[in-house]
Number of protein chains: 2
Amino acid sequence: MSKRYTIRELAEEFDVTTRALRFYEEKGLLQPARSKQTRTYSAADRTRLKLILRGKRLGLTLEESSDIIRMYDPEAGNRQQLETLLSKIRDKRAQLREQQKDLELMLLDLRDAEERCLQALATEPKRANG
Amino acid sequence: MSKRYTIRELAEEFDVTTRALRFYEEKGLLQPARSKQTRTYSAADRTRLKLILRGKRLGLTLEESSDIIRMYDPEAGNRQQLETLLSKIRDKRAQLREQQKDLELMLLDLRDAEERCLQALATEPKRANG
DNA sequence: ACTTACGTTTACGTAAACGTAAAGCAATTG
DNA sequence: CAATTGCTTTACGTTTACGTAAACGTAAGT
């Protein structure tokens, strides 16, 4: 019997509300068991939560994260299903690589912005107003 | 007089609705002029729109994109303001670098997923069901 | 037994980012 | 000149991702 978590433990660890955890469950993203009416989360639930939150930081919707989570295990035995899955995985990877480009562009822009800002600070050293 | 765009031109070029463009204007992100009641967008508006959409692809809210756009020009002459701006720029850069890490992790995970998927396809070559 | 601290469900509320329909000018086109 | 086309504003609707309040169950401590 591996480690199990209460709703509060998970909520505090990842700095989310218990409401959010119940919401994720309602959406099918988490599947805690019940020990006498109270939810009890498995290590797998904890991992899924991590993936959900990572997805959020990348701007994914819960449904997109849900899709990705399903991609992680080729449970689907059928060849047809496997190829569909493979295709989805590749699509998502391609999309993430596009996102990588956007990210680098924005980082470059901000690097320039920082530079210009430093310049402005250098040229106008210590007066109150220009 | 540099190039100007109608609302439809911009909408089609970037594949957004005119409603979205008016919405961005309402939120202060775009400032088209009016030529006889009709909106006319400048090259600067077009650039801002690009930044907005890039921000969206990265999961930023419109307000965050708005902030970033303001970071691009150190119009603020005041030293105090410049340092505040600099600080914001650095915060956002740091945040984007965190996002970069998340992105790479997710790409790695999907690489594994693809691998497992290919394995599954290899071990169960051409049957209909397992 | 009472309080405290957690848990539960149900349900309405909210912010963001538009979608969509309605209704009215304004120019052009058959 | 009526109709179409494209712009405009106004305004209500929708989806996502929860927040928040109400009302209740339950186990632990005093």
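Side chains included, hydrogens not; waters and symmetry mates left out as well; all remaining heavy atoms used. Per chain, numbering begins at 1; letters A, B, ... match sequence-line order.
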| field | For atom CD of A:E25 and atom P of C:dG7, their distance in whole Å | value | 14 Å

| query | side chain to side chain contact (heavy atoms under 4.5 Å, CB included) with A:R97: which residues, sequence neighbours excluded? | reply | A:R93, A:A94, A:Q100, B:L107

| message | Whole angstroms only, please: what is the CZ-P distance between B:R34 and D:dC7? | response | 13 Å

| By side chain to side chain contact (heavy atoms under 4.5 Å, CB included) - contacts of A:Q80 (at least two apart) | A:N78, A:T84

Identify every side-chain donor-acceptor pair in residues 25-33 of chain B under 3.5 Å, counting partners at least two apart or on other chains, and give the distances.
residue: B:E25; atom: OE1; partner: B:R39; partner atom: NE; Å: 2.6
residue: B:Q31; atom: OE1; partner: B:R48; partner atom: NH1; Å: 3.4

| task | Return the value, rounded to whole Å, for the distance between atom CG of A:D67 and atom C1' of D:dT16. | result | 15 Å

| task | To the nearest Å, give me how far apart CZ (B:R8) and C1' (D:dT8) are. | result | 12 Å

| field | side chain to side chain contact (heavy atoms under 4.5 Å, CB included) involving B:T38 - partner list, sequence neighbours excluded | value | none

| query | Could you state the CG-P distance from A:L21 to C:dC6, rounded to the nearest angstrom? | reply | 16 Å

| query | With a non-hydrogen cut-off below 4.0 angstrom, is A:R22 in contact with a base, only sugar-phosphate, or nothing? | reply | base

| message | Generate the contact string for nucleotides 11-24 of chain C. Rules: B means base contact, S means sugar-phosphate contact only, - means no protein heavy atom under 4.0 Å. | response | B-----BBBB----

| Test side chain to side chain contact (heavy atoms under 4.5 Å, CB included) applied to A:K101 - qualifying residues, sequence neighbours left out | A:E98

| field | For atom CD of B:E9 and atom C1' of D:dG6, their distance in whole Å | value | 13 Å

| task | Please check the phosphate of D:dT8 (OP1 and OP2 only) for any side-chain N or O of B:R39 closer than 4.0 Å. | result | yes

| note | From the candidates D:dT9, C:dT9, D:dC7, the one with an atom nearest any side-chain atom of B:I7 is D:dC7

| Hphob cluster co-occupancy, A:L21 + A:F14, side-chain heavy atoms under 4.5 angstrom | yes

| message | From CD of B:E12 over to C1' of D:dG6, roughly how many Å is that when rounded to an integer? | response | 12 Å

